Amino acid sequence: MDLFIDIITGLCFFIGSLSIIIGACGLIKLPDVFSRIHAAGMIDTGGTAFFLLGMILQTGWSLITVKLILIGVFVFFTSPVTSHVTANLARKKNLMPVGKKIGKLL
Amino acid sequence: MKSISLFVILLGLWLLMSGHYSFLITSLGVLSCAFCVYVARRAKLIDKEGLPLFFFPRLFNYLIWLFKEIFISNLNTAKVIISGKIEPETFTVKASQSTDVAKVTYANSITLTPGTVTTKIKDNMFEVHALNSDFGNDVRSNVMDKKVKWLEGDQ
């Protein structure tokens with residue numbers, strides 16, 4: 001059973017690191033600010049979620065589990081706010097995104 | 001009523017975070033929670049927006065759906081970044097929620113799923129930037145909008 005949990009934990013860490021690496025590649029590769037925010041969002045959600053899941057599996061049921069879940073909750077509430085602030089500031093400075101624009105923008 | 005529920009939530013959080021349950025420390029915790037509620041009352045922070053209790057009954061179902069959605073769009077974003085086939089598009093969508101909290105939840109959910117970001121908000125129109133027309137169609141199909149409307153209930 002211990003071995004099984006260890007394997008699942010390793011898998012979670014692997015997927016988490018993979019999504020962080022792909023997100024980092026995206027940060028360099030994508031063309032403009034708005035597209036790069038998507039890559040950062042991938043690191044925020046996929047990376048942290050899988051790492052926290054792996055750590056939760058290792059701790060079992062204790063107070064530390066609750067604290068790890070709370071870290072997840074706070075990251076999930078704050079990361080979209082920072083993404084939105086970055087995108088909104090770029091739009092306020094009249095930076096137009098690359099690519100198609102459908103309809104009248106605000 | 002709202003003050004009592006805020007007190008219960010704060011006390012629960014305190015008990016989970018502290019891990020020490022001797023009489024002195026617990027009574028200090030209860031006192032500090034009561035003080036926080038007093039300060040929040042004085043600053044008139046306890047209203048529908050500060051403590052959206054009407055969200056809680058349906059929040060669990062919504063979160064499970066949101067996690068599933070985030071996982072799927074994470075996979076798709078990874079595919080797009082690796083293959084390099086990006087066609088960014090910007091468009092506006094209408095939010096049908098009536099309360100501000102629900103609108104914020106909707107905008108946050110759009111931003112939280114990788115591949116779509118809310119860039120501007122004006123009244124009940126959102127300007128959304130999507131990495132690909134598939135992500136754009138996901139938002140334009142208004143599935144998430146309806147889910148948040150359901151989460152809000154009849155307000």
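Chain identifiers are assigned alphabetically (A, B, ...) following the order of the sequence lines, protein sequences preceding nucleic acid strands; residue numbering begins at 1 within each chain. Just so you know, these numbers use all the heavy atoms, side chains as well, and skip hydrogens, waters and symmetry mates. Nothing here was measured: the structure is a model prediction, and the numbers come from that model.
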With respect to chain A, which residue among [options] yields the maximal number of heavy-atom pairs within a distance under 4.5 Å?
| options | result |
| --- | --- |
| B:Thr92, B:Ile82, B:Thr111, B:Leu112 | B:Leu112 |
| B:Pro88, B:Gly19, B:Ser109 | B:Pro88 |
| B:Gly136, B:Pro114, B:Ala130, B:Gly84 | B:Pro114 |
| B:Ile110, B:Thr113, B:Asn108 | B:Asn108 |

Please look at [X] and chain A and tell me whether the side chain, the backbone, both or neither of the residue comes under 4.5 angstrom of a heavy atom of that chain.
| X | result |
| --- | --- |
| B:Ile70 | side chain |
| B:Ile86 | side chain |
| B:Glu127 | both |
| B:Thr116 | backbone |
| B:Ala107 | neither |
| B:Leu13 | side chain |
| B:Phe126 | backbone |

Query raised in the report: Any side-chain donor-acceptor pair under 3.5 Å between B:Ser133 and B:Glu89?
Result: no

**Report entry** Distance-only side-chain donor-acceptor flag, A:Gln58 / A:Thr9, under 3.5 Å
**Finding:**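 The criterion, which ignores hydrogens and geometry beyond distance, is satisfied for A:Thr9 and A:Gln58.
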
Report task. Apply side-chain hydrogen bond (donor to acceptor under 3.5 Å, both in side chains) to B:Arg140 and B:Asn137, showing your working. Result -> CA-CA 5 Å; B:Arg140 278 191 293 259; B:Asn137 288 335; 2.9 Å; yes

Query raised in the report: Which one of B:Asp145, B:Asn124, B:Asp123 satisfies the side-chain contact (heavy atoms from CB on, under 4.5 Å) criterion with B:Lys94?
Result: B:Asn124

Query raised in the report: Is the A:Phe51 to A:Phe13 ring centre distance short of 6.0 Å?
Result: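 Yes: the rings meet the under 6.0 Å criterion.
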
**Report entry** Working for side-chain hydrogen bond (donor to acceptor under 3.5 Å, both in side chains), residues B:Tyr62 and B:Thr105
**Finding:** CA-CA 11 Å; B:Tyr62 179 72; B:Thr105 310; over 6 Å; no

Query raised in the report: For A:Ser19 and B:Asn74, what are the C-alpha separation, side-chain angles and deciding distance, and is it a side-chain hydrogen bond (donor to acceptor under 3.5 Å, both in side chains)?
Result: CA-CA 8 Å; A:Ser19 64; B:Asn74 249 312; 5.7 Å; no

Query raised in the report: Are A:Phe34 and B:Val117 close enough, and set up right, to give a side-chain contact (heavy atoms from CB on, under 4.5 Å), and what steps lead you there?
Result: CA-CA 8 Å; A:Phe34 299 97; B:Val117 169; over 6 Å; no

Atom group of [X] that falls short of 4.5 Å from chain B, counting heavy atoms:
| X | answer |
| --- | --- |
| A:Leu18 | neither |
| A:Phe76 | both |
| A:Ser35 | both |

Query raised in the report: Should we say atom CD1 of B:Ile4 is surrounded by more than 12 heavy atoms from elsewhere, each under 6.0 Å from it?
Result: no

